[in-house]
Each structure stands twice: as structure tokens, then as C-alpha cells.
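Step one of this worksheet: look at the structure below.
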Amino acid sequence: MPELPEVETVARGLDESLSGRTITDVDVYWERSIGAPNPATFADRLVGQTITDVRRRGKWIVIKLESGDALLVHLRMTGQLLVEAAGTSDGDYTRVAVRLDNGNRLRFSDMRKFGRLVLTEDAGEVLGDLGPEPLGEDFTVERFRRMLAQRRGRIKSLLLNQRFLAGLGNIYVNEALWQARIHPLRAANSLSSVEVERLYGTIRSVLRAAIEAGGTTLDNGNFKKADGESGAFVSQLQVYDREGELCDCCEAPIERITVGQRGTYFCPCCQEAEPRDR
DNA sequence: AAAGCACCCTGTACGC
DNA sequence: TGCGTACAGGGTGCTT
């Protein structure tokens, strides 16, 4: 489940190893991994293009090309983008392979085939609907307060909505709500001023800490950095995937409920459904 | 606006 | 041992 910190980690690694490289060949092994255009056009149009830099927007990896085109990659659940030396064996689940002029290969591996590659001349068409970047300068606590005031839905579901805020996924939403001591089922517009400020702070701090640690690689090994290494943030998780374990703050057992068809972890003691004292 | 569900996938965990 | 089934999850699209 690559989220903002994992995607940021991958994008930084790719920027390092891909900037300035020219694409010499493209092999598509699973056509549905290509979102647009059709796979043959996708491959044809990529060959000969030079990569200028690699960035991130929400959970999208944005590979910018000299022509003005952009190669957008969404890893979804199990996608990985790895840069490997020539001659490295293919490994399982390779869906797309891109050969580079220095002999290296950019390999898109994706066990569950949910990930997508999109080649477009207008990245805004794909990225335009995304909400603000949680770590961006224009995402202020005042703006967050205004955004929340118009919403009556559950805070947890809202934070997962990419049109509301870009980049958060299930892991970091659970962690940010725990740190802010806010119950996941609270209505967004019911948060007090102090709670909004706390949540704003924990969203940003948990994302920064996870980027610092190189992201979260769970036991199932879903996420790998561009160099194939694991992320270390898993050791800092307080509630995610910890049902029944004791809260590090109050030692009550962590509970798991389902919110919007998604596993949700929280401490029933620290995160009250109807707090009296906010 | 909000919520629920099916869909896309496959490895893993579980019950029998 | 092995089979069948439920489940996990990000995002989209449809329905209520």
C-alpha cells in the first residue's frame, strides 16, 4: 500500500537514477497495466524520449519527459518501480520493462495488477482532481479548517478521499488520527478548533517522519524503494495492523472496526467517539 | 454530500 | 494434504 511517503521515497530514488536518461525500448507484458494510450502507441511514443526529472503528486509518480509528455505511474496496492542493472533476472510479476540508454532497466512489477501507467501530454488531466498536498505550503491549518467545516461525513473516510487531500492512505490516516486522539467515526465538521489543529499537525508530522524513515514496508513486503530496499517506518506504527496489542499511550488494547469497507485501527481509550473534554 | 457496493487482482489465512 | 472461500486494499463508477 504505497502512500505519500512511499511514493515520495520511490520518486526521489528514480529522480536520482533516471534524470537525463533516454528510453531505448519498452516491453509491455500485461496490457491492462497501461491506462492510456493503447499499449502499442504507449511503447512507440516512449521510445526515444529523454527523462528530465521525476516528482510526486499525491500517490502518483510523475516522470517528466523532454517533449512535454509525462509518464504517470500509480502503484496502487502492489506496484513497484525498480531500476536495475542490465542482465538482472526478470523476477516475478513484471508487467512493463523500460530499457535505458545506460543499459539499466526500469521495471514495473505488480503482483495484483492494480497499478497503472499513463503516458500523457497533459498531466493535469489526470492529476487535476486531486486535493491539496498535505506537506505543501498552500495547505495551511486555516484552509484545513475551512475544508472540514463543509463536510459532514466521517473524518476517516474523508481523509482517504484523494479529492479532499492527496496522498494519505489507510496506514497514515489511522496513525494520524491516533496521534491526534480523534475517533475515526467522528463527523468532520464536529471537530473542535483544537482538534483540527492537532490533526493538521499529526498528518504532517507522521508523513514527514515516514519519509525520513524511507516509508513503511509491511511484513508482506509490498513496498520496496527504487533500489529494492525496505522502508523502516513499520517499527514506528502505533495502531495500524496492531489489533489486540496494547496502546503505547494508555495500554488499552487496540481495536479494529470497519469504516467504509476498510480496516480501521484505533485506541478506544485515547480516541473517544464522543469526547466531553476537547 | 454521503454511503454502500461491485469491480479490478492474487497471495494468504482459515475452516472443514 | 487439499480444497474452497473470505479477506486485504486504492481507486473508479454506479446506485441509493
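Fair warning: this is a prediction, and the values are worked out from it, not measured in the lab. All heavy atoms count here, side chains included; hydrogens, waters and symmetry mates do not. Chain identifiers are assigned alphabetically (A, B, ...) following the order of the sequence lines, protein sequences preceding nucleic acid strands; residue numbering begins at 1 within each chain.
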(request) Using whole Å, report how far CG of A:L4 lies from C1' of C:dG10. (result) 14 Å
(request) Using a 4.0 Å heavy-atom cut-off, write out nucleotides 11-16 of chain C from 5' to 3' as B (base contacted by protein), S (sugar-phosphate only) or - (no contact). (result) B-----
(request) May I ask you to decide if A:G131's main-chain N or O and A:Q162's side chain share a donor-acceptor pair within less than 3.5 Å? (result) no
(request) Following the transitive rule for hydrophobic clusters with a side-chain heavy-atom cut-off under 4.5 Å over Ile, Leu, Val, Met, Phe, Trp and Tyr, establish whether A:F108 and A:V118 coincide in one cluster. (result) no
(message) How many whole angstroms separate atom CG of A:L148 from atom C1' of B:dA1?
(response) 15 Å
(request) Among A:F233, A:F266, A:Y265, find the residue that satisfies the ring-ring contact (aromatic ring centres under 6.0 Å, His included) test when tested with A:Y240. (result) A:Y265
(request) State, to the nearest 10°, the angle formed by the axis through the first five base pairs of the helix from B:dA2-C:dT16 to B:dC16-C:dG2 and the axis through its last five. (result) 60°
(request) Quickly work out the A:M77 CE to B:dC8 P distance and round it to whole Å. (result) 16 Å
(message) If hydrophobic clusters are built by linking Ile, Leu, Val, Met, Phe, Trp and Tyr wherever their side-chain heavy atoms come under 4.5 Å apart, do A:L117 and A:W30 end up in the same one?
(response) no
(message) Under 4.0 Å between a side-chain nitrogen and a carboxylate oxygen: does that hold for A:R12 and A:E8?
(response) yes
(request) Measure the distance from CG on A:D110 to P on B:dC9 and round it to the nearest whole Å. (result) 10 Å
(message) Measure CZ/A:R112 against P/C:dC7 and give the value in whole Å, please.
(response) 14 Å
(request) Applying side-chain contact (heavy atoms from CB on, under 4.5 Å) between A:L119 and each of A:L46, A:L72, A:I63, report the one that passes. (result) A:L46
(message) In whole Å, I'd like the distance from the CE atom of A:M111 to the C1' atom of B:dC9.
(response) 8 Å
(message) Does C:dA8 have OP1 or OP2 under 4.0 Å away from a side-chain N or O of A:R256?
(response) yes
(request) State yes or no: do A:I257 and A:I171 share one hydrophobic cluster built from I, L, V, M, F, W and Y residues joined by side-chain heavy-atom distances below 4.5 Å, directly or via other members? (result) no
Please list, pair by pair, any protein nitrogen or oxygen found under 3.5 Å from a nitrogen or oxygen in nucleotides 2-7 of chain B.
unit_1, atom_1, unit_2, atom_2, d
B:dA2, OP1, A:R152, N, 2.2
B:dA2, OP1, A:G153, N, 2.9
B:dA2, OP2, A:R151, NH1, 2.7
B:dG4, OP2, A:R154, NH1, 3.4

(request) Rounded to the nearest angstrom, tell me the gap between atom CZ in A:F114 and atom C1' in B:dC8. (result) 5 Å
(message) Between A:E6 and A:K59 (salt bridge meaning N to carboxylate O under 4.0 Å), is one present in this structure?
(response) no
(message) Is A:Y93 close enough to B:dT10 that one of its side-chain N or O atoms is under 4.0 Å from OP1 or OP2 there?
(response) no
(request) Identify the two heavy atoms, one from A:P184 and one from A:Q271, that lie closest to each other, and give their separation to 0.1 Å. (result) CD-NE2, 4.1 Å
(message) Working to the nearest 0.5 angstrom, can you tell me the gap between A:K156 NZ and A:N174 CG?
(response) 5.0 Å
